[in-house]
Amino acid sequence: MSQVARRIVQELHDEPHLEGRRITVQFIKEQVEQRGLNPRTVADRHDLDVADVYRALTYYHDHPEEMRTIERQRQSAIEEHDHLTTDPDDVRD
């Protein structure tokens, strides 16, 4: 487990993530709050200090407008590029 406390930065894709890692605040929030994983489990799986997980969760909840904007942008990108994906059922036909 890393012993370096990481700041939240926005160097990659204009999305908040842990400094020096490609792990986004949104990803950590999904792992803990949507999948129900324990923060310690998330930290262990991604070689983070548990404080980094809580730091990301705090950032998420301290910046609700920014995070909603990011979520809308992600959903828009998914919808915009949906026609480029192939459904497995389409391949079988």
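Throughout, residue positions are numbered sequentially from 1 according to the sequence presented. Heavy-atom basis, side chains included; hydrogens, waters and symmetry copies ignored. Quantities reported herein were computed from a predicted structural model and do not represent experimental measurements.
- Contact annotation: the side chain of Glu15 never approaches that of Met67 to less than 4.5 Å [non-hydrogen atoms, C-beta and beyond].
- In this structure, the side-chain hydrogen bond (donor to acceptor under 3.5 Å, both in side chains) partners of Thr69, at least two apart in sequence or on a different chain, are Arg72.
- Taken from CD in Glu19 to CG in Asp52, the straight-line distance is 10.0 Å, to the nearest 0.5 Å.
- Of the residues listed (Glu80, Glu79, Glu30), the one engaging Arg74 in a salt bridge (charged side-chain N to carboxylate O under 4.0 Å, His left out) is Glu30, and it is the only one.
- At a threshold of 4.0 Å, the pair Arg68-Glu71 does not count as salt-bridged, since none of the basic side-chain nitrogens sits closer than that to a carboxylate oxygen.
- When all heavy atoms of Leu57 and Lys29 are compared, the pair lying nearest together is CD2-CA, 3.7 Å.
- To the nearest 0.5 Å, atoms NE2 (His63) and CD1 (Ile70) are separated by 10.0 Å.
- Here the options are Val53, Ile28, Val9, the test is side-chain contact (heavy atoms from CB on, under 4.5 Å), and the partner is Leu18; only Ile28 passes.
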Q: Might you work through the side chain to side chain contact (heavy atoms under 4.5 Å, CB included) test for Leu48 and Arg21, ending with a clear yes or no?
A: CA-CA 10 Å; Leu48 301 170; Arg21 302 292 299 268; 3.4 Å; yes

Q.
Walk me through whether Leu37 and Arg45 qualify under side chain to side chain contact (heavy atoms under 4.5 Å, CB included).
A. CA-CA 11 Å; Leu37 295 177; Arg45 287 184 180 176; 3.5 Å; yes

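- Put simply, the side chain of His17 never gets that close to the backbone of Val25: no donor and acceptor are under 3.5 Å apart.
- At least one side-chain heavy atom of Phe27 sits less than 4.5 Å from a side-chain heavy atom of His46.
- Residues Tyr59 and Glu66 have side chains that bring a donor and an acceptor to within less than 3.5 angstrom of each other.
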